[in-house]
Amino acid sequence: MAEKFTVVTNINIAKDVFLMQLYGNTEKITRPGQFVHIELPGFFLRRPISVCDLNGYKMTIVYKVFGDGTQYMSTLPAGTVLDVLPGLGNGFDTEKSGARPLLIGGGVGVPPLYMLAKRLIRDGKRPAALLGFNSADDVFFKEEFERLGLKTVVATADGSMGVKGVVTDALDQFAFDYIFTCGPLPMLKAVYEKTDADGQYSFEERMGCGFGACMGCVCKTQKGYKRICKEGPVLKREEIVW
Amino acid sequence: MAEKFTVVTNINIAKDVFLMQLYGNTEKITRPGQFVHIELPGFFLRRPISVCDLNGYKMTIVYKVFGDGTQYMSTLPAGTVLDVLPGLGNGFDTEKSGARPLLIGGGVGVPPLYMLAKRLIRDGKRPAALLGFNSADDVFFKEEFERLGLKTVVATADGSMGVKGVVTDALDQFAFDYIFTCGPLPMLKAVYEKTDADGQYSFEERMGCGFGACMGCVCKTQKGYKRICKEGPVLKREEIVW
Amino acid sequence: MVDLSVTLPGMELDNPVIPASGCFGYGREFADLYDINILGSFVFKGTTKEPRFGNPTPRIAETPSGMLNAVGLQNPGIDVVVKQLAYLNRYFRKKVIANISGFSIDEFVYCAEKLNDVEQVGIIEVNISCPNVHGGGIAFGTDAKSAAQVTKAVKAVAKKPVFIKLSPNVTDITEIAKACEDAGADGLSLINTLLGMRIDLKKRKPLLANKTGGLSGPAVFPVAVRMVYQVYEAVKIPIMGMGGVSSAKDVLEMMMAGASAVQIGAAGLKNPYIFKEIIQSLPETAEKYGIKRLKDIIGAGH
Amino acid sequence: MVDLSVTLPGMELDNPVIPASGCFGYGREFADLYDINILGSFVFKGTTKEPRFGNPTPRIAETPSGMLNAVGLQNPGIDVVVKQLAYLNRYFRKKVIANISGFSIDEFVYCAEKLNDVEQVGIIEVNISCPNVHGGGIAFGTDAKSAAQVTKAVKAVAKKPVFIKLSPNVTDITEIAKACEDAGADGLSLINTLLGMRIDLKKRKPLLANKTGGLSGPAVFPVAVRMVYQVYEAVKIPIMGMGGVSSAKDVLEMMMAGASAVQIGAAGLKNPYIFKEIIQSLPETAEKYGIKRLKDIIGAGH
Ligand SMILES: Cc1cc2nc3c(=O)[nH]c(=O)nc-3n(C[C@H](O)[C@H](O)[C@H](O)COP(=O)(O)OP(=O)(O)OC[C@H]3O[C@@H](n4cnc5c(N)ncnc54)[C@H](O)[C@@H]3O)c2cc1C
Ligand SMILES: Cc1cc2nc3c(=O)[nH]c(=O)nc-3n(C[C@H](O)[C@H](O)[C@H](O)COP(=O)(O)OP(=O)(O)OC[C@H]3O[C@@H](n4cnc5c(N)ncnc54)[C@H](O)[C@@H]3O)c2cc1C
Ligand SMILES: Cc1cc2nc3c(=O)[nH]c(=O)nc-3n(C[C@H](O)[C@H](O)[C@H](O)COP(=O)(O)O)c2cc1C
Ligand SMILES: Cc1cc2nc3c(=O)[nH]c(=O)nc-3n(C[C@H](O)[C@H](O)[C@H](O)COP(=O)(O)O)c2cc1C
Ligand code: FES
Ligand code: FES
């Protein structure tokens with residue numbers, strides 16, 4: 001009775017990174033930054049993956065092969081039916097955004113920012129994108145953000161594309177009044193420390209249920225303990241306790 | 001490195017009974033009465049199923065939906081690739097057969113007798129077939145045996161087809177000098193008790209490995225303990241201890 | 001029609017399906033998905049005297065057909081919980097089962113007393129077996145004498161029937177079960193989680209911040225069935241059986257082993273709809289095995 | 001190139017992969033499939049003083065990600081086994097590990113003595129933990145004192161290094177491990193199977209003729225890792241780790257928990273080629289985690 005989603009495409013778009021389109025009932029997905037929890041045959045726990053784009057009943061996710069589960073996912077042919085819990089988590093609150101938000105993504109933190117960018121544009125904002133990767137091989141979605149009309153800067157740790165360094169080394173290329181960011185913890189922390197701008201930060205945690213029942217994913221915030229899967233994954237800057 | 005077999009067809013041929021054709025390397029299958037051990041995704045142990053027919057690299061098996069594993073098997077579409085250990089067990093020794101062997105099968109004990117019938121005919125014997133089922137709905141392969149030219153009698157427990165009763169109630173319809181039989185334990189025992197004819201009996205046991213390593217399937221015989229998966233599933237009449 | 005009803009001390013259940021403690025919160029998240037009044041009852045999250053944050057994260061790891069958790073009894077403390085329970089009847093009308101934990105006998109007693117006047121609580125389940133708390137929590141469940149002491153102390157104050165929840169991490173679970181029965185327990189719940197560990201190959205460290213965690217899910221089912229079976233032969237008080245149950249067939253198997261009702265934990269974390277699915281398929285499944293009244297099969301496997 | 005070699009008392013192994021007792025017979029069936037000299041070593045089927053038929057069938061049941069077995073130590077008795085071992089070198093050139101069981105200390109001693117002169121036996125593994133034999137077999141493994149007595153008695157006669165194989169069905173495995181170490185054990189093997197049960201819903205009886213059986217396979221892996229981890233911290237003698245290992249990654253995890261070598265049982269019954277597959281993929285897998293010599297990661301998870 002969870003939703004059934006059918007794999008439409010599943011293609012390799014960067015080193016170990018795959019883009020999967022799924023067809024199914026997406027009605028529960030209301031905000032960018034929400035995630036879906038995907039059951040994979042042979043694995044006990046579901047895998048949480050952010051919604052990257054939404055077009056009616058067609059949902060796009062982008063994932064990196066990290067361990068056995070995502071490795072298995074990357075082998076699924078079109079037509080595979082997956083059991084999915086859609087629309088989990090709070091997602092980004094676009095109403096809080098300033099007029100010129102900067103979207104900062106690191107690695108597989110980039111995908112949810114794509115749907116976010118579309119929503120912000122729809123709301124009349126003028127977002128820009130700063131995307132961090134390890135190397136040119138890992139880069140994806142630069143063109144996609146550009147095609148949406150965003151000023152898009154890529155930073156790579158080895159300098160093989162764009163700015164050499166981490167995202168915070170390229171912050172000065174932007175004028176912004178708000179931040180939306182998603183990526184590895186050290187990146188989130190560096191962004192937090194390097195800027196005073198208000199903003200929203202999306203976190204990761206290992207999950208049991210993904211819908212608030214097990215207390216597996218709890219983190220400490222300025223406003224008490226929160227479940228990353230339910231009151232998160234997005235925390236407001238002022239809530240964060242490092 | 002076990003053999004990969006691809007499902008070619010998987011069709012319902014009687015109540016809860018399916019015929020599956022598989023394509024793969026069948027070279028290890030040398031005798032009728034041998035079985036294959038099939039790995040099913042999501043199940044820890046393999047499922048032992050007798051070889052029913054062999055045509056080069058095409059193997060036919062016939063199985064009944066009994067529990068969760070065979071239920072799952074019945075849903076597999078053509079093209080599914082399965083991991084199979086082929087050619088297990090001793091199989092029937094057709095050289096020992098008399099000139100007019102009677103093949104007695106009960107339920108899903110019938111399938112291995114089909115490949116056996118073909119081999120016996122090739123060897124110049126004149127086999128006949130006596131097939132027992134619960135009800136007309138359950139009957140399968142009557143025509144197949146007839147098409148091979150065997151006199152074929154069906155017995156059903158409820159009398160809805162052929163002789164009313166169990167196989168031993170129809171024994172007197174045959175003149176035979178040897179018996180090959182496969183079916184549920186009570187049937188094997190009844191056949192053994194009702195006839196003096198020499199013959200070979202195929203047994204079932206729950207298996208761990210299926211290839212002789214775990215001692216999970218051992219049964220007592222007149223010649224010491226034997227592994228049903230290795231020195232069986234076929235025992236000679238004189239070996240049997242009930 | 002198959003009769004699904006079963007009986008526990010002080011509770012008549014429409015069916016034996018009960019979400020297990022720590023895997024259902026207070027039911028709120030599930031009530032958002034479907035009407036949870038279809039359940040036999042549910043056990044709410046383990047509660048202690050003082051509020052507890054629990055263990056640092058990661059608290060969850062995956063295992064073959066199961067999971068490890070090291071939540072460590074995160075809860076707002078019994079006083080807050082008692083207050084919140086007043087609102088429970090807005091989405092659940094039946095009696096619930098309260099799960100309490102403690103680090104000293106006094107703490108167990110304190111929690112049990114607080115629950116005496118909470119009308120919606122039908123049974124108190126005393127968790128002497130949580131493997132994820134340091135400082136003695138588990139010691140009560142691995143030693144027959146301490147188990148009996150906790151039982152006696154809680155029974156002395158509790159106005160509700162008391163079930164003791166046993167740990168599977170013991171050499172002889174029947175010894176502990178009998179000690180609890182002798183000390184006055186009205187029933188037993190088993191099993192809690194098996195102590196396990198995973199190691200992160202990249203970090204070369206235990207994956208869970210707490211190092212070890214409790215194993216649950218289908219992987220433990222055969223261990224749970226065995227323990228329920230053994231305890232059923234050792235005691236006369238009713239058993240709530242759990243550990244790896246994830247289908248209607250598993251419910252029947254657990255009952256045949258000796259359970260009067262069946263709790264489900266990990267399987268409901270993976271699939272929140274499983275309680276509904278199991279309750280809906282129980283009649284048909286029972287019929288397949290010639291079962292007319294579920295009550296009839298309690299201990300039928302002996 | 002990754003160095004796969006590891007060392008056990010009296011044995012240098014090309015790699016840590018060792019088929020576990022009772023899951024490999026004497027290797028004959030596997031030697032028919034591929035050259036088993038690729039193995040680090042193997043442990044042969046548990047042997048007792050007298051020949052044993054074992055338990056009635058069914059002896060095997062399936063469980064989620066695992067299996068139950070109640071074979072019950074079927075073997076032709078140590079005298080016959082010793083004779084047969086003379087032919088082993090026709091298809092296996094390396095040293096093997098002998099697994100012995102008994103119902104009294106004398107029987108263990110008898111078997112150990114018989115093996116003193118069998119050149120190809122490198123280590124004696126003393127199984128004080130088989131859950132499938134009635135009449136005390138398991139009692140040795142669930143009580144520290146008895147475990148120490150068996151160890152001392154076997155050590156007094158054995159000319160080969162002695163590993164004691166521990167039962168996981170205990171409250172505190174470190175206590176038993178330390179008792180064995182103090183009594184002179186050269187090493188420890190863990191874990192044997194967890195006691196489990198399945199019930200046949202149609203027959204309303206335990207599925208196994210023996211009622212209970214030993215659970216093994218991937219389901220038990222996290223329990224095994226936890227126990228190896230705990231025992232590694234409690235003793236100084238080497239550990240052979242096992243329980244649910246079914247991939248090269250699992251081998252590494254078990255070694256990081258503290259195992260000097262890794263045994264594989266149930267996974268090889270499901271897939272007889274798994275030993276070969278794991279040994280072939282170990283170098284690549286190790287490299288992925290920056291491992292140059294497997295020896296370096298023994299206990300690295302602590
Ligand atoms: C809210 C959220 C959104 C995410 N969105 C994306 C995304 O859009 N694209 C993407 O590539 N990745 C995303 N991730 C990370 C992704 O969930 C993990 O990479 C993935 O679960 C790894 O699974 P595995 O089987 O390959 O790894 P394994 O290590 O084999 O997984 C074992 C267990 O650990 C969990 N796990 C491992 N790494 C993580 C992690 N980083 N976060 C949470 N659980 C983890 C797995 O879910 C599984 O339960 C997201 C994580 C969260 C929490
Ligand atoms: C040598 C041999 C040949 C066989 N040939 C055929 C055949 O050609 N057609 C056919 O329909 N059936 C055959 N069977 C029986 C078939 O193996 C079982 O019906 C099947 O394994 C049941 O699996 P399941 O998952 O549906 O049942 P479950 O009960 O869910 O299976 C659980 C476990 O029990 C084992 N098991 C259950 N019943 C049997 C049984 N009768 N024999 C052995 N293991 C069992 C399963 O293999 C599995 O390991 C044969 C059995 C043996 C031993
Ligand atoms: C995330 C999680 C949290 C748990 N918290 C508690 C708890 O607070 N109190 C308790 O008695 N048991 C707790 N348990 C144990 C379960 O109630 C149950 O005994 C165990 O998980 C076995 O059942 P299962 O295999 O169906 O999950 C918890 C289990 C899980 C998975
Ligand atoms: C069929 C079978 C037979 C076994 N026989 C023995 C035995 O004779 N002696 C012994 O010490 N362990 C025996 N074991 C236990 C294994 O050696 C091993 O300790 C256990 O199965 C855990 O490892 P695994 O999960 O890899 O199977 C047996 C296990 C199985 C599955
Ligand atoms: S993952 Fe269960 S509460 Fe968040
Ligand atoms: S099934 Fe393992 S020896 Fe026959």
Side-chain angles (χ1 to χ4, degrees), chain A residues 1-4 25 27-28 30 36-48 66-72 82-90 184-185 203-221 224-233 241-242, chain C residues 19 22-30 32-34 45-46 51-76 198 200-202 207-209 213 215-219 244 246 265-277 280:
Chain A
M1 292 191 273
E3 301 294 343
K4 299 290 173 192
N25 186 342
E27 280 163 19
K28 287 185 185 151
T30 54
V36 296
H37 218 187
I38 307 178
E39 180 176 329
L40 299 172
F43 295 85
F44 188 71
L45 295 175
R46 292 171 186 264
R47 296 298 186 272
F66 174 80
D68 292 343
T70 45
Q71 163 61 38
Y72 173 80
L82 294 172
D83 183 291
V84 174
L85 301 178
L88 302 180
N90 57 356
L185 199 67
F203 287 80
E204 275 189 6
E205 195 46 80
R206 294 204 175 225
M207 292 181 176
C209 62
F211 52 82
C214 75
M215 300 292 153
C217 64
V218 169
C219 87
K220 197 175 172 177
T221 76
Y225 294 104
K226 297 206 169 183
R227 293 164 295 183
I228 288 294
C229 72
K230 190 88 183 174
E231 292 93 24
V241 177
W242 293 105
Chain C
C23 304
F24 202 72
Y26 299 88
R28 184 69 259 172
E29 291 74 21
F30 295 82
D32 287 345
L33 302 175
Y34 52 92
K45 176 69 194 160
R52 280 178 60 83
F53 167 55
N55 295 316
T57 56
R59 294 177 172 185
I60 303 284
E62 190 178 45
T63 74
S65 293
M67 61 180 282
L68 294 177
N69 91 81
V71 169
L73 292 177
Q74 175 167 6
N75 81 92
R198 291 305 304 267
D200 187 325
L201 294 180
K202 287 179 195 158
L207 206 147
L208 299 174
L215 177 65
S216 64
S246 67
L269 297 178
K270 178 187 182 130
N271 174 10
Y273 301 96
I274 203 160
F275 305 107
K276 193 172 177 182
E277 289 167 12
Q280 283 176 345

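Every chain is numbered from 1 and lettered A, B, ... according to where its sequence line falls, protein lines coming before strand lines.
- C:Phe30 and A:Phe211 have perpendicular rings, their planes meeting at more than 60° on a 0 to 90° scale where under 30° would count as parallel.
- Distance CZ/A:Arg206 to CE/C:Met67: 12.5 Å, rounded to 0.5 Å.
- Judged by distance alone, with hydrogens and angles left aside, the side-chain atoms of C:Arg59 form no donor-acceptor pair with the main-chain N or O of A:Cys217 at under 3.5 Å.
- Closest approach of A:Lys230 to C:Asp32, counting heavy atoms only: NZ-OD2, 4.5 Å.
- In this structure, CZ in C:Arg52 is found 11.0 Å from OH in A:Tyr225, a value given to the nearest 0.5 Å.
- Contact count against chain A (heavy-atom pairs under 4.5 Å) is highest for C:Ala266 among C:Ala266, C:Ala267, C:Gly265.
- The contact between C:Leu207 and chain A is made entirely by side chain atoms (from C-beta outward), counting heavy-atom distances below 4.5 Å.
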**OP:** For side chain to side chain contact (heavy atoms under 4.5 Å, CB included), just list the numbers for A:Arg227 and C:Glu29, CA-CA rounded to whole Å, side-chain angles, deciding distance to a tenth of an Å, and then say yes or no.
**Re:** CA-CA 12 Å; A:Arg227 293 164 295 183; C:Glu29 291 74 21; 2.8 Å; yes
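- Distance SG/A:Cys214 to CD1/C:Ile60: 4.5 Å, rounded to 0.5 Å.
- To the nearest 0.5 Å, atom CD1 of residue A:Ile228 and atom OG1 of residue C:Thr57 are 8.5 Å apart.
- To the nearest 0.5 Å, atoms CZ (A:Phe44) and CG (C:Leu68) are separated by 11.0 Å.
- Rounded to the nearest 0.5 angstrom, A:Met215 CE and C:Asn75 CG are separated by 9.5 Å.
- Looking at C:Ala219, neither its backbone nor its side chain comes within 4.5 Å of chain A, counting heavy atoms on both sides.
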